[in-house]
Amino acid sequence: MDIQNLTLFATLAKTKSYPETAAQLQMSVTAVREQVREFEDQLGAPLFEREVEAVRLTGSGQALYPAVQRLLVDYQRVEKQMHRLRNQRDHELYLITIPTMLNYAAFDRVTRFLREHPVVNARFRETTKHIFNPQNATDPGDIMFTRIFKDCKDDRFEYIPVDDDEYVLITAKDGQWAHRPDLTLKDVQDEPLYTLDQATGLYDGALKVCSQNGVQPREIRPQHRVDLILQAVRNGEGVGLLMRKSVVNRPSADVQVITVPHNIALGLCFIRPIGEHTAAADDLWQFLKRQYQG
(Lines give C-alpha, C1' and ligand atoms only; values in the text may rest on other atoms or scores of the structure.)
Protein backbone atom coordinates (compact mmCIF):
# COMPACT_ATOMS: atom_id res chain seq x y z
CA MET A 1 0.00 0.00 0.00
CA ASP A 2 1.42 3.39 -1.04
CA ILE A 3 2.31 5.68 1.86
CA GLN A 4 1.38 8.67 -0.33
CA ASN A 5 -2.18 7.39 -0.68
CA LEU A 6 -2.44 6.88 3.07
CA THR A 7 -1.10 10.37 3.73
CA LEU A 8 -3.53 11.86 1.24
CA PHE A 9 -6.46 9.97 2.77
CA ALA A 10 -5.55 10.98 6.34
CA THR A 11 -4.99 14.63 5.38
CA LEU A 12 -8.32 14.93 3.56
CA ALA A 13 -10.12 13.17 6.39
CA LYS A 14 -8.65 15.65 8.85
CA THR A 15 -9.03 18.90 6.85
CA LYS A 16 -12.37 17.96 5.24
CA SER A 17 -11.32 20.24 2.39
CA TYR A 18 -9.91 19.42 -1.03
CA PRO A 19 -8.26 22.88 -1.47
CA GLU A 20 -6.61 22.74 1.97
CA THR A 21 -5.42 19.18 1.39
CA ALA A 22 -4.02 20.20 -1.99
CA ALA A 23 -2.17 23.14 -0.40
CA GLN A 24 -0.68 21.01 2.40
CA LEU A 25 0.49 18.30 0.02
CA GLN A 26 1.54 20.74 -2.73
CA MET A 27 -0.83 19.21 -5.28
CA SER A 28 -3.63 20.54 -7.43
CA VAL A 29 -7.23 20.01 -6.31
CA THR A 30 -7.83 17.97 -9.47
CA ALA A 31 -4.87 15.72 -8.66
CA VAL A 32 -6.15 15.21 -5.12
CA ARG A 33 -9.60 14.16 -6.39
CA GLU A 34 -8.09 11.79 -8.97
CA GLN A 35 -5.73 10.17 -6.48
CA VAL A 36 -8.56 9.67 -3.96
CA ARG A 37 -10.63 7.91 -6.63
CA GLU A 38 -7.65 5.72 -7.59
CA PHE A 39 -7.10 4.79 -3.94
CA GLU A 40 -10.75 3.90 -3.52
CA ASP A 41 -10.58 1.74 -6.66
CA GLN A 42 -7.57 -0.10 -5.22
CA LEU A 43 -9.47 -0.78 -1.98
CA GLY A 44 -12.73 -1.62 -3.74
CA ALA A 45 -14.71 0.63 -1.40
CA PRO A 46 -15.67 4.35 -1.29
CA LEU A 47 -13.96 6.32 1.48
CA PHE A 48 -15.70 9.70 1.08
CA GLU A 49 -19.37 10.57 0.49
CA ARG A 50 -20.07 11.76 -3.05
CA GLU A 51 -23.63 13.02 -2.59
CA VAL A 52 -22.91 15.90 -0.21
CA GLU A 53 -21.04 19.21 -0.59
CA ALA A 54 -19.01 18.77 2.59
CA VAL A 55 -16.15 16.24 2.68
CA ARG A 56 -17.35 13.40 4.86
CA LEU A 57 -16.05 9.87 5.47
CA THR A 58 -18.13 6.85 4.55
CA GLY A 59 -18.49 3.94 6.94
CA SER A 60 -15.46 2.28 5.33
CA GLY A 61 -13.49 5.51 5.63
CA GLN A 62 -14.40 5.88 9.31
CA ALA A 63 -13.28 2.31 9.97
CA LEU A 64 -9.98 2.81 8.14
CA TYR A 65 -9.06 6.27 9.45
CA PRO A 66 -7.83 5.37 13.01
CA ALA A 67 -5.65 2.54 11.67
CA VAL A 68 -4.12 4.83 9.03
CA GLN A 69 -3.40 7.49 11.67
CA ARG A 70 -1.53 4.94 13.81
CA LEU A 71 0.34 3.63 10.79
CA LEU A 72 1.46 7.14 9.75
CA VAL A 73 2.66 7.91 13.28
CA ASP A 74 4.72 4.70 13.24
CA TYR A 75 5.99 5.49 9.75
CA GLN A 76 7.16 8.96 10.82
CA ARG A 77 8.90 7.44 13.83
CA VAL A 78 10.72 4.98 11.56
CA GLU A 79 11.61 7.79 9.15
CA LYS A 80 13.15 9.83 11.97
CA GLN A 81 15.15 6.83 13.17
CA MET A 82 16.38 6.12 9.64
CA HIS A 83 17.34 9.78 9.27
CA ARG A 84 19.34 9.62 12.50
CA LEU A 85 21.07 6.45 11.31
CA ARG A 86 21.88 8.03 7.93
CA ASN A 87 23.31 11.10 9.66
CA GLN A 88 25.32 8.89 11.99
CA ARG A 89 26.68 6.84 9.07
CA ASP A 90 27.53 10.03 7.17
CA HIS A 91 29.78 11.00 10.07
CA GLU A 92 31.51 7.63 10.18
CA LEU A 93 34.87 7.00 8.53
CA TYR A 94 36.46 3.59 8.18
CA LEU A 95 40.19 3.73 7.34
CA ILE A 96 42.44 0.78 6.64
CA THR A 97 46.20 1.33 6.78
CA ILE A 98 49.48 -0.46 6.40
CA PRO A 99 51.07 -1.30 9.79
CA THR A 100 53.61 1.56 9.62
CA MET A 101 51.25 4.46 8.85
CA LEU A 102 52.12 6.26 12.09
CA ASN A 103 55.61 6.85 10.64
CA TYR A 104 54.30 8.74 7.60
CA ALA A 105 53.30 12.36 7.07
CA ALA A 106 50.06 10.96 5.60
CA PHE A 107 48.95 10.12 9.14
CA ASP A 108 49.46 13.75 10.16
CA ARG A 109 47.26 14.84 7.23
CA VAL A 110 44.47 12.52 8.32
CA THR A 111 44.66 13.61 11.97
CA ARG A 112 44.60 17.25 10.85
CA PHE A 113 41.39 16.56 8.94
CA LEU A 114 39.88 14.88 12.02
CA ARG A 115 40.78 17.87 14.21
CA GLU A 116 39.06 20.17 11.71
CA HIS A 117 35.99 17.88 11.58
CA PRO A 118 35.30 16.86 15.20
CA VAL A 119 31.88 15.36 14.32
CA VAL A 120 33.58 12.64 12.26
CA ASN A 121 33.81 9.30 14.02
CA ALA A 122 36.93 7.68 12.56
CA ARG A 123 37.72 3.99 12.94
CA PHE A 124 41.18 2.70 11.98
CA ARG A 125 42.11 -0.87 11.19
CA GLU A 126 45.68 -1.98 10.56
CA THR A 127 46.00 -4.59 7.84
CA THR A 128 48.71 -7.25 7.88
CA LYS A 129 49.43 -6.46 4.24
CA HIS A 130 52.14 -3.90 3.53
CA ILE A 131 50.96 -3.70 -0.08
CA PHE A 132 47.55 -3.62 -1.76
CA ASN A 133 46.54 -6.12 -4.41
CA PRO A 134 43.32 -4.93 -6.12
CA GLN A 135 42.60 -8.46 -7.36
CA ASN A 136 42.36 -9.77 -3.79
CA ALA A 137 40.67 -6.75 -2.18
CA THR A 138 37.93 -7.97 0.14
CA ASP A 139 37.57 -5.05 2.59
CA PRO A 140 39.19 -1.81 1.39
CA GLY A 141 37.15 0.21 3.92
CA ASP A 142 36.06 3.74 3.02
CA ILE A 143 39.66 4.74 2.30
CA MET A 144 42.92 2.80 2.49
CA PHE A 145 46.48 4.05 2.93
CA THR A 146 48.85 1.51 1.42
CA ARG A 147 51.54 0.64 -1.10
CA ILE A 148 50.80 -0.57 -4.57
CA PHE A 149 52.91 -1.95 -7.39
CA LYS A 150 52.67 0.79 -10.00
CA ASP A 151 51.80 -1.66 -12.77
CA CYS A 152 48.91 -3.19 -10.80
CA LYS A 153 46.32 -0.40 -10.73
CA ASP A 154 42.69 -1.41 -11.16
CA ASP A 155 39.87 0.65 -12.75
CA ARG A 156 37.52 -0.27 -9.89
CA PHE A 157 39.51 2.01 -7.56
CA GLU A 158 40.65 5.61 -7.55
CA TYR A 159 44.01 6.68 -6.22
CA ILE A 160 45.75 9.69 -4.63
CA PRO A 161 49.53 9.21 -5.01
CA VAL A 162 51.48 10.20 -1.91
CA ASP A 163 55.08 9.12 -2.50
CA ASP A 164 57.30 6.60 -4.29
CA ASP A 165 58.88 3.68 -2.49
CA GLU A 166 61.45 0.96 -3.22
CA TYR A 167 63.33 -1.91 -1.65
CA VAL A 168 66.59 -1.01 0.12
CA LEU A 169 69.39 -3.00 1.70
CA ILE A 170 69.61 -2.62 5.49
CA THR A 171 72.81 -3.29 7.47
CA ALA A 172 74.04 -2.52 10.98
CA LYS A 173 75.76 0.84 11.48
CA ASP A 174 78.76 -0.91 12.96
CA GLY A 175 80.41 -4.19 12.09
CA GLN A 176 81.88 -5.49 8.84
CA TRP A 177 79.37 -3.75 6.54
CA ALA A 178 79.49 -0.35 8.23
CA HIS A 179 80.36 2.75 6.19
CA ARG A 180 79.97 0.94 2.87
CA PRO A 181 77.57 3.09 0.79
CA ASP A 182 78.69 1.14 -2.32
CA LEU A 183 77.63 -2.17 -0.78
CA THR A 184 75.58 -4.42 -3.09
CA LEU A 185 73.33 -7.41 -2.60
CA LYS A 186 76.03 -9.60 -4.14
CA ASP A 187 78.43 -8.54 -1.40
CA VAL A 188 76.09 -9.82 1.30
CA GLN A 189 74.46 -12.79 -0.44
CA ASP A 190 76.07 -15.22 2.02
CA GLU A 191 74.55 -13.34 4.98
CA PRO A 192 71.14 -14.33 6.39
CA LEU A 193 68.63 -12.08 4.62
CA TYR A 194 65.72 -10.76 6.68
CA THR A 195 62.62 -9.66 4.80
CA LEU A 196 58.89 -9.41 5.41
CA ASP A 197 56.99 -12.68 5.03
CA GLN A 198 54.35 -13.84 2.55
CA ALA A 199 51.45 -12.57 4.66
CA THR A 200 52.63 -8.96 4.23
CA GLY A 201 52.58 -9.14 0.43
CA LEU A 202 56.20 -7.97 0.10
CA TYR A 203 58.07 -11.28 0.24
CA ASP A 204 57.80 -12.12 -3.47
CA GLY A 205 58.89 -8.59 -4.39
CA ALA A 206 62.03 -8.98 -2.28
CA LEU A 207 62.88 -12.24 -4.07
CA LYS A 208 62.30 -10.57 -7.42
CA VAL A 209 64.67 -7.71 -6.53
CA CYS A 210 67.33 -10.27 -5.54
CA SER A 211 66.83 -12.10 -8.85
CA GLN A 212 67.01 -8.87 -10.87
CA ASN A 213 70.36 -8.16 -9.20
CA GLY A 214 71.68 -11.65 -9.96
CA VAL A 215 71.61 -12.73 -6.32
CA GLN A 216 70.49 -16.01 -4.75
CA PRO A 217 70.56 -15.46 -0.97
CA ARG A 218 72.08 -18.32 0.98
CA GLU A 219 69.44 -18.08 3.72
CA ILE A 220 66.19 -16.09 3.89
CA ARG A 221 64.58 -15.38 7.26
CA PRO A 222 61.07 -14.01 6.71
CA GLN A 223 59.54 -12.01 9.55
CA HIS A 224 56.08 -10.56 10.09
CA ARG A 225 57.12 -7.17 11.49
CA VAL A 226 59.56 -4.46 10.43
CA ASP A 227 60.76 -3.81 13.98
CA LEU A 228 61.83 -7.46 14.40
CA ILE A 229 63.91 -7.25 11.22
CA LEU A 230 65.54 -3.99 12.32
CA GLN A 231 66.37 -5.50 15.71
CA ALA A 232 67.99 -8.56 14.10
CA VAL A 233 70.05 -6.36 11.77
CA ARG A 234 71.19 -4.09 14.62
CA ASN A 235 72.23 -7.20 16.55
CA GLY A 236 74.45 -8.28 13.64
CA GLU A 237 72.37 -11.37 12.87
CA GLY A 238 72.19 -10.62 9.15
CA VAL A 239 71.07 -7.96 6.66
CA GLY A 240 67.62 -6.81 5.65
CA LEU A 241 65.69 -6.04 2.48
CA LEU A 242 62.85 -3.67 3.33
CA MET A 243 60.86 -0.77 1.91
CA ARG A 244 62.77 2.49 2.15
CA LYS A 245 59.91 4.52 3.66
CA SER A 246 59.24 1.99 6.40
CA VAL A 247 62.84 2.44 7.57
CA VAL A 248 63.79 6.10 6.96
CA ASN A 249 60.49 7.33 8.43
CA ARG A 250 61.16 5.40 11.63
CA PRO A 251 63.20 7.53 14.08
CA SER A 252 64.36 4.46 16.03
CA ALA A 253 65.60 2.52 12.97
CA ASP A 254 69.31 3.31 13.60
CA VAL A 255 70.60 1.23 10.65
CA GLN A 256 72.51 1.84 7.45
CA VAL A 257 70.24 2.18 4.39
CA ILE A 258 71.69 1.41 0.96
CA THR A 259 70.01 1.91 -2.41
CA VAL A 260 69.50 -1.22 -4.50
CA PRO A 261 69.66 -1.01 -8.33
CA HIS A 262 67.29 -2.96 -10.63
CA ASN A 263 64.45 -2.30 -8.23
CA ILE A 264 60.64 -2.54 -8.39
CA ALA A 265 58.50 0.59 -8.76
CA LEU A 266 56.04 0.97 -5.89
CA GLY A 267 53.94 3.87 -4.74
CA LEU A 268 52.41 4.94 -1.46
CA CYS A 269 48.87 6.16 -1.96
CA PHE A 270 45.37 6.56 -0.65
CA ILE A 271 42.87 4.25 -2.39
CA ARG A 272 39.12 3.92 -2.35
CA PRO A 273 36.57 1.93 -4.38
CA ILE A 274 34.76 3.90 -7.07
CA GLY A 275 31.12 4.43 -6.09
CA GLU A 276 29.03 5.95 -3.33
CA HIS A 277 30.65 6.92 -0.02
CA THR A 278 29.68 8.52 3.26
CA ALA A 279 29.85 12.30 3.55
CA ALA A 280 32.83 11.97 5.91
CA ALA A 281 34.71 9.74 3.44
CA ASP A 282 34.03 12.16 0.58
CA ASP A 283 35.16 15.12 2.68
CA LEU A 284 38.42 13.39 3.62
CA TRP A 285 39.03 12.32 0.02
CA GLN A 286 38.62 15.90 -1.25
CA PHE A 287 40.84 17.16 1.59
CA LEU A 288 43.59 14.69 0.63
CA LYS A 289 43.31 15.59 -3.05
CA ARG A 290 43.89 19.26 -2.16
CA GLN A 291 46.82 18.30 0.04
CA TYR A 292 48.59 16.11 -2.50
CA GLN A 293 47.36 17.32 -5.89
CA GLY A 294 46.80 21.03 -5.25
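Worth knowing before you read on, the calculation uses all heavy atoms, side chains too, and leaves out hydrogens, waters and symmetry mates. Numbering of residues begins at 1 and proceeds along the displayed sequence.
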| For the residue pair A45 and S60, what are the closest heavy atoms and their distance? | CB-OG, 4.0 Å
| message | Let me confirm one number: the CZ-OG1 distance from R225 to T128, rounded to the nearest 0.5 Å. | response | 13.5 Å
| field | R221 and T195: side chain donor to acceptor below 3.5 Å | value | no
| query | Taking only residues two or more places apart in sequence or in another chain, which ones pass side-chain contact (heavy atoms from CB on, under 4.5 Å) with Q293? | reply | I160, P161, K289
| What pairs of residues pass the ring pair (Phe, Tyr, Trp, His ring centres under 6.0 Å) test when at least one of them lies in residues 265-294, not counting sequence neighbours? | F113-F287, F145-F270
| task | Taking N249 for its side chain and S246 for its backbone only, find out whether a donor-acceptor pair lies under 3.5 Å. | result | no
| task | Give the other cluster members for Y203, using side-chain heavy-atom distances under 4.5 Å between Ile, Leu, Val, Met, Phe, Trp and Tyr residues; answer none if it is isolated. | result | L207, I220
| field | R125-Y94 side chain donor-acceptor pair, cut-off 3.5 Å | value | yes
| field | Those residues that, when tested against D204, pass side-chain contact (heavy atoms from CB on, under 4.5 Å) (two or more places apart) | value | Q198
| field | Partner of K245 under side chain to side chain donor-acceptor pair (under 3.5 Å), chosen from D164, D163, N103 | value | D163
| Of all heavy-atom pairs between L241 and C210, which one has the smallest distance, and what is that distance? | CD2-SG, 3.9 Å
| request: Using distance alone, with no hydrogens and no angle criterion, decide if T171 and Q256 have a side-chain donor and acceptor under 3.5 Å apart. | output: yes
| said: Tell me whether V226 shares a hydrophobic cluster with L268, the cluster being built from Ile, Leu, Val, Met, Phe, Trp, Tyr side chains joined at under 4.5 Å. | reply: no
| query | Would D227 and R250 pass as an ion pair if we require N to O under 4.0 Å? | reply | no
| Crowded around E219 CD? As in, over 12 foreign heavy atoms under 6.0 Å? | yes
| field | Side chain proximity check, L71 to I3, heavy atoms < 4.5 angstrom | value | yes
| request: State which residues pass side chain to side chain donor-acceptor pair (under 3.5 Å) with D165; sequence neighbours excluded, sorted by chain then number. | output: R147
| field | N213 side chain to P261 backbone, donor-acceptor under 3.5 Å | value | yes
| field | salt bridge (charged side-chain N to carboxylate O under 4.0 Å, His left out) contacts touching residues 254-272 (sequence neighbours left out) | value | E158-R272, K173-D254, R272-D282
| said: Could you measure the distance from the OG atom of S211 to the NE2 atom of H262? Nearest 0.5 Å is fine. | reply: 11.5 Å
| Cluster check V120, F124: I/L/V/M/F/W/Y, side chain < 4.5 angstrom | yes
| Any donor-acceptor N/O pair, D187 side chain to L183 backbone, under 3.5 Å | no
| Quick one: do V247 and V209 end up in the same hydrophobic cluster if we chain Ile, Leu, Val, Met, Phe, Trp and Tyr together by side-chain heavy atoms under 4.5 Å apart? | yes
| task | Determine, stepwise, if the pair L93 / N121 fulfils side-chain contact (heavy atoms from CB on, under 4.5 Å). | result | CA-CA 6 Å; L93 185 59; N121 178 28; over 6 Å; no
| said: Could you report the tightest heavy-atom contact between Q189 and V215, atom names first, then the distance? | reply: CB-CG1, 3.6 Å
| remark: With sequence neighbours left out, the residues meeting side chain to side chain donor-acceptor pair (under 3.5 Å) with T21 are T15
| For the student: nearest non-hydrogen atoms of I143 and A281, plus distance | CD1-O, 3.7 Å
| field | Chi angles and distances behind the ring pair (Phe, Tyr, Trp, His ring centres under 6.0 Å) call for F132, F157 | value | CA-CA 11 Å; F132 178 68; F157 298 87; 5.3 Å; yes
| task | Please lay out, stage by stage, how L6 and L72 fare under the test side-chain contact (heavy atoms from CB on, under 4.5 Å). | result | CA-CA 8 Å; L6 296 177; L72 289 175; 4.3 Å; yes
| Say you draw a straight line from OG1 of T11 to CE of M27; how long is it, rounded to the nearest 0.5 Å? | 10.0 Å
| message | Other residues, nucleotides and ligands only: do more than 12 of their heavy atoms fall within 6.0 Å of CD on E116? | response | yes
| task | Please identify each residue that fulfils side chain to side chain donor-acceptor pair (under 3.5 Å) with Q69, with sequence neighbours left out. | result | Y65
| Residues in side-chain contact (heavy atoms from CB on, under 4.5 Å) contact with N235, at least two apart in sequence or another chain | Q231, E237
| Can you tell me if D197 and Q223 form a side-chain donor-acceptor pair at under 3.5 Å? | no
| In terms of hydrophobic clusters joined by side-chain contacts under 4.5 Å, are I258 and L196 together? | yes
| Is the closest side-chain heavy-atom distance between V78 and D74 below 4.5 Å? | no
| task | Check whether any side-chain heavy atom of L8 sits under 4.5 Å from a side-chain heavy atom of L25, and report yes or no. | result | yes
| Side chains of D108 and T111, donor plus acceptor under 3.5 Å | no
| task | Work out which heavy atom in A10 is nearest to a heavy atom in V68; give both atom names and the distance. | result | CB-CG1, 4.1 Å
| message | Do Y167 and L242 make a side-chain contact, defined as non-hydrogen atoms from C-beta onward lying under 4.5 Å apart? | response | no
| query | Among all residues two or more places apart in sequence or in another chain, which pass the side-chain contact (heavy atoms from CB on, under 4.5 Å) test with E191? | reply | Q176, W177, V188, V239
| Validation row: I131, I98 side chains within 4.5 angstrom (heavy atoms) | no
| Roughly how far, to the nearest 0.5 Å, is the CD atom of Q4 from the CZ atom of F39? | 12.0 Å
| request: Indicate, with yes or no, if L228 and V257 share a hydrophobic cluster defined by side-chain heavy-atom contacts under 4.5 Å among Ile, Leu, Val, Met, Phe, Trp and Tyr. | output: no
| task | Could you tell me which residues satisfy side chain to side chain donor-acceptor pair (under 3.5 Å) with T7, sequence neighbours excluded, listed by chain and number? | result | none
| said: Quick one, K129 and T200 - any side-chain contact, counting heavy atoms below 4.5 Å? | reply: no
| task | Supply the atom-to-atom distance D182 CG to T259 OG1, rounded to the nearest 0.5 angstrom. | result | 12.0 Å
| Evaluation steps, side-chain contact (heavy atoms from CB on, under 4.5 Å), between I264 and K208 | CA-CA 8 Å; I264 297 175; K208 185 176 180 180; 3.7 Å; yes
| request: Taking the side chain as every heavy atom from C-beta outward, state whether Y194 and L230 have any pair of such atoms under 4.5 Å apart. | output: no
| task | Would you mind reporting whether L57 and E49 have side-chain heavy atoms less than 4.5 Å apart? | result | no
| Which heavy atom in P19 sits nearest to a heavy atom in V29, and how many Å separate them? | CA-CG2, 3.8 Å
| query | How far apart are the C-alpha atoms of L64 and L47, what are their side-chain angles, what is the distance that settles it, and do they pass the side-chain contact (heavy atoms from CB on, under 4.5 Å) test? | reply | CA-CA 9 Å; L64 183 62; L47 300 174; 4.1 Å; yes
| Does the ring centre of F48 sit less than 6.0 Å away from the ring centre of F9? | yes
| Between atom CZ of R123 and atom CG of L95, what is the distance when rounded to the nearest 0.5 Å? | 9.5 Å
| query | What salt bridge (charged side-chain N to carboxylate O under 4.0 Å, His left out) pairs are there with at least one residue in residues 28-42, not counting sequence neighbours? | reply | E40-R50
